[in-house]
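Reading through the structure tokens given below for one structure.
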Amino acid sequence: MPELPEVETIKNTLLPKLVGRRIMGATVHLPRLIKRPAAQEFVSLLGGKEVLDLSRRGKYLLLHLSEGYCLVFHLRMTGRLLYLPAAAPVDKHTHLIIHLDNGEQLRFHDLRTFGTIYLVREGELDQIRGLACLGPEPLGPQFTPAYLKEVLAGRRTTIKGALLNQELLAGLGNIYVDESLFRAGIHPARQAASLTGEEVARLHRAICEVLKEGIRYRGTSVRDYVDGEGKAGGFQKRLAVYGRGGQPCVKCGATLEKVRLAGRGSVYCPCCQPLKCDTK
DNA sequence: AATTGTACCTGTCAGC
DNA sequence: TGCTGACAGGTACAAT
């Protein structure tokens, strides 16, 4: 479940450890996670490259390497990127080990093996489709109430479905969508296009606030997430609705309800997030 | 064209 | 005790 705040935290924890390091080699345990190029070429290309910088785009983590290469990770649900000493035990969920020139390692660990790894030239990043099709960064200048209003208008899906769509807005996942909708007082099953200007403004503010708080508390560790140093985040203690179905609402005490929307478990307060009549 | 459903995975937990 | 099935959910792709 690494979403924007988790990937941002991983980037922040890895940045000081990786920048300036040279890659001495790589060991691949599960080649199918490497989407391009083929694992053998992936390993030979990585050798000798220096890590120049790290960045995040949506839920993607990018390692900018020397000679114009970029190593791209998507952690999907259970992926982890860990900076560890070479002597640390390697468990069965470690699928890629990158050997660094100081004897430390960067390991890709993924219980469910949904994660994806790419090594491409900086100029060819748009060949990674999911990355190329991302909508604006929610904490960037392009994400304004007007933008949100515009992309929700004319859409025939629920607000929950729309906010999970990475092409509309990059980086939100199930946790932060549910939390944002709760803060904005909007029912997740509302038709996206039915939101009023005032509701869109509230939702815009809620998304920005929830994401900033998520980053400030170093991400949400519900089950799998840890940062680049293996440390859990703290935002799970501040969740108002996610994972709290059947429990009392923190605002009004009503019992939180759980439904399935856009294929995801969705928790909301029936009192604070009323479902108004939508005109279909 | 846009939206919905399913596959991809493995571990955990409730229920029997 | 040990089994079964539901569930966890991001994205690509198939189906509608």
Side-chain angles (χ1 to χ4, degrees), chain A residues 1-8 10 29-36 56-62 72-81 91-96 108-118 125-135 137-138 150-181 188-194 211 214 219-226 232-233 235-236 239 241-247 256-268 278 280:
Chain A
M1 288 163 272
E3 304 177 25
L4 188 153
E6 287 75 38
V7 181
E8 180 72 16
I10 293 170
H29 290 133
L30 190 58
R32 72 174 155 82
L33 301 191
I34 298 166
K35 301 304 173 182
R36 84 181 47 159
R56 178 196 58 74
R57 176 79 174 94
K59 301 171 193 169
Y60 288 83
L61 182 71
L62 290 77
V72 180
F73 294 94
H74 195 300
L75 305 177
R76 298 288 183 107
M77 253 92 73
T78 54
R80 296 175 171 182
L81 272 172
D91 75 25
K92 65 172 177 171
H93 300 301
T94 298
H95 307 307
L96 169 68
F108 185 79
H109 180 282
D110 191 355
L111 186 147
R112 292 174 74 181
T113 71
F114 286 174
T116 52
I117 304 167
Y118 308 82
L125 282 169
D126 58 358
Q127 290 183 16
I128 302 172
R129 241 225 313 162
L131 180 59
C133 295
L134 286 177
E137 284 291 322
E150 184 192 320
V151 294
L152 294 180
R155 224 148 257 279
R156 294 190 190 285
T157 183
T158 59
I159 187 62
K160 170 99 185 198
L163 294 180
L164 286 170
N165 184 342
Q166 302 298 298
E167 297 183 25
L168 302 188
L169 193 59
L172 290 180
N174 206 34
I175 296 173
Y176 293 96
V177 167
D178 276 11
E179 293 299 314
S180 299
L181 288 170
R190 286 280 303 283
Q191 284 295 305
S194 78
L211 291 177
T220 304
S221 294
V222 175
R223 46 164 52 95
D224 294 292
Y225 167 73
V226 292
F235 196 65
Q236 64 279 3
L239 294 174
V241 287
Y242 179 85
R244 297 195 63 244
Q247 297 178 41
L256 298 178
E257 290 183 8
K258 182 168 182 179
V259 295
R260 203 155 186 88
L261 275 173
R264 313 283 159 67
S266 303
V267 184
Y268 65 96
D278 283 346
K280 270 215 164 174

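Chain A is the first sequence line, chain B the second, and so forth, proteins listed ahead of strands; every chain is numbered from 1.
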If you restrict it to nitrogen or oxygen atoms, what contacts under 3.5 Å exist between nucleotides 12-16 of chain C and the protein, and what is each distance?
| unit_1 | atom_1 | unit_2 | atom_2 | d |
| --- | --- | --- | --- | --- |
| C:dA12 | OP1 | A:Gly130 | N | 3.4 |
| C:dC13 | OP2 | A:Arg129 | NH2 | 3.1 |

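Considering only the side chain of A:Arg260, C:dA8 comes nearest among B:dT10, C:dG10, C:dA8. With B:dG11, B:dT4, C:dG10 as the candidates, the nucleotide lying closest to the side chain of A:His93 is B:dG11. Side-chain proximity of A:Lys258 to B:dC9, C:dC7, C:dT11: nearest is C:dC7. Considering only the side chain of A:Arg156, B:dT3 comes nearest among C:dG10, B:dT3, B:dT10.
Between A:His74 and C:dT11 there is a side-chain N or O to OP1 or OP2 distance below 4.0 Å. One finds no side-chain N or O of A:Arg112 lying less than 4.0 angstrom from the OP1 or OP2 phosphate oxygen of B:dG11. Residue A:Lys160 places no side-chain N or O under 4.0 Å from the OP1 or OP2 atom of B:dT3.
In this pair, A:His74 and A:Tyr60 present their aromatic rings perpendicular. The plane angle is above 60°, beyond the 30 to 60° band.
Nucleotides C:dA14 and B:dC9 place their P atoms 16 Å apart, quoted to the nearest Å.
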Original post:
Dot-bracket for DNA chain C, 5' to 3', counting Watson-Crick or G-U wobble pairs under 3.5 Å, with [ ] for crossing pairs and | for inter-strand pairs?
Top reply: .|||||||.|||||||
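Residues A:Ser266 and A:Lys160 bring a donor and an acceptor atom of their side chains to less than 3.5 Å of each other.
Ring-base stacking between A:Phe114 and B:dC8 is satisfied, the centre separation being under 5.5 Å and the plane angle under 30°.
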